[in-house]
Amino acid sequence: MLSRYSRQVVYNRIGEKGQKTLLDSHAVIIGVGALGTVIANNLARAGVGKLTIIDRDFVELSNLQRQTLFTEEDVKNNLPKAEAAVRHLKEINSEIQLEAVVADFNATNAEKLIRDVDIILDGTDNFSTRFLINDVALKHKKPWVYGGAVADTGMVMNIIPGVTPCFRCLIQDPPVSGHTQTCDTVGVLNSTTGIIGNIQAVEAIKILLKSEAVLKGVLTINIWQTEFDKFEIEQDKKCPACQQGKYEFLNNRTPATTLLCGQNSIQVLPQQNRDISLPEMANRLQKLGEVEYNRFLLRFKTDQYTITVFPDGRAIVSGTENPGKARSLYAQYIGN
Amino acid sequence: MVVKFFAHIRKLAGNTKERTDVKAKSLYELLDKLSKDYGNEFQSKVFPNNTISDEVIILVNGTHISHLNGLNTKLKAGDVVCIFPMIFGG
């Protein structure tokens with residue numbers, strides 16, 4: 001059974017013992033987009049014994065540029081990403097356990113979904129889910145690996161409860177402004193997400209093997225300039241999450257989305273009140289679709305969806321009755 | 001004092017990796033000087049309206065400045081200031 005892993009068993013920092021540890025391990029990948037597909041591919045091939053893949057979205061043609069597990073056939077079949085990922089991973093490694101969870105990862109299901117895992121991999125595309133992962137990981141003492149990528153830059157950090165600083169030591173609160181860069185407005189190179197996802201996967205393996213060589217601090221990369229940098233970060237002695245045990249994102253169970261009956265629309269509420277400049281937002285979005293606005297609201301049309309945004313950050317996404325899809329569009333175009 | 005720029009903040013700072021020639025007694029004074037050196041684009045992304053952008057993270061000796069004294073954080077010789085963006089795509 002170990003023969004299929006012979007090339008990494010012979011690598012002296014893994015060996016047979018390490019391989020058996022990997023085979024006995026359970027990893028959850030939250031979000032299987034550009035980062036998540038790379039992470040899942042590597043961990044499945046490396047023989048991590050059980051992988052749970054969580055995602056709320058469907059495969060679209062524009063995903064294929066960087067989301068390396070998916071095919072045109074998945075787009076034609078309108079497959080959920082978690083389901084499509086698991087189908088392809090089964091073809092890659094039929095000897096491990098694979099579980100697809102087609103759901104929005106939120107405060108109502110987070111604890112249940114991570115309770116039995118050994119490690120959490122961040123494949124999300126928004127800050128609010130990462131703050132939630134941080135809370136639930138700290139509460140249940142699960143290590144997690146943050147990764148982020150946009151354009152030609154990316155970042156990785158390991159969060160090991162009781163050992164390293166946490167995500168809120170690095171970023172105290174999610175940004176509230178309406179002009180945050182997203183992959184949909186400034187683009188992303190597939191090598192950026194590829195490198196960041198690969199580094200997240202190897203960090204996960206090191207954490208599972210309890211290696212001393214785990215990345216400490218934060219790694220940033222800029223692949224257009226071919227620059228890799230690391231820097232140290234200190235634990236915040238007053239950190240609400242890792243020092244005080246206040247899990248504000250996990251305890252916030254207010255529904256973020258509401259189905260608007262009969263309108264084929266979903267209302268999406270921001271995590272906290274925002275003060276959005278509609279002219280600035282119109283300027284940013286007009287490259288991506290049809291935009292009109294007045295002082296009360298901004299209306300943005302893209303594909304079959306219309307997103308109506310109010311200055312306090314509230315939005316109505318028309319063209320869908322799927323709350324996960326509405327939140328995903330909100331994260332893509334409006335920010336977090 | 002060493003000021004280090006990371007990811008796309010480095011581009012805003014004229015592709016400078018780090019500066020050792022800036023002297024400032026506070027973070028406010030440092031960001032004000034850097035904005036004058038690098039111009040409008042740097043200022044609008046890092047220090048808009050003389051406040052710290054909520055999309056930028058600044059560490060002084062590895063500690064987030066919101067855990068220190070924000071813009072009033074005192075700086076001295078030997079301090080290491082890191083400025084980098086929040087990155088949340090994926």
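Numbered from 1 within each chain, the chains take letters A, B, ... in sequence-line order. Both backbone and side-chain heavy atoms feed into the values below; hydrogens, waters and symmetry mates do not.
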- [ ] Using non-hydrogen atoms and a 4.5 Å limit, figure out which bit of A:E227 sits close to chain B: side chain, backbone, both or neither.
- [x] side chain

Task: Portion of A:Q67 that has a non-hydrogen atom of chain B nearer than 4.5 angstrom - done: neither

Open item on the list: With a 4.5 angstrom heavy-atom cut-off, is it the side chain or the backbone of A:T220 that approaches chain B, or both, or neither?
Closed with: side chain

Open item on the list: Ring-plane angle category for A:F127 and A:F167, please: parallel below 30°, perpendicular beyond 60°, tilted otherwise.
Closed with: tilted

Task: Exercise: do A:N126 and A:S128 side chains pair donor with acceptor under 3.5 Å - done: yes

Task: Side chain / backbone / both / neither for A:I196 at chain B, heavy atoms under 4.5 Å - done: neither

Open item on the list: Counting heavy-atom pairs under 4.5 Å with chain B, which one of A:D152, A:V218, A:I171 comes out on top?
Closed with: A:I171

- [ ] Below 4.5 Å from any heavy atom of chain A, which atoms of B:K11 appear? Answer side chain, backbone, both or neither.
- [x] neither

Task: Distance-only polar pair, side chains of A:Q172 and B:S66, donor-acceptor under 3.5 Å - done: yes

TODO: Apply salt bridge (charged side-chain N to carboxylate O under 4.0 Å, His left out) to A:R130 and list each qualifying residue two or more places apart in sequence or on a separate chain.
DONE: A:D122

Open item on the list: Under 4.5 Å from any heavy atom of chain A, what part of B:N15 do you find: side chain, backbone, both or neither?
Closed with: side chain

- [ ] Considering only heavy atoms and a distance below 4.5 Å, find which of A:D229, A:N222, A:I233 pairs most often with chain B.
- [x] A:D229

- [ ] Evaluate the ring planes of B:F6 and A:F231, with Trp represented by its six-membered ring, and classify them as parallel (under 30°), tilted (30 to 60°) or perpendicular (over 60°).
- [x] tilted

TODO: For the pair A:Y146 and A:W144, name the ring-plane relationship: parallel under 30°, tilted 30 to 60°, perpendicular over 60°.
DONE: perpendicular

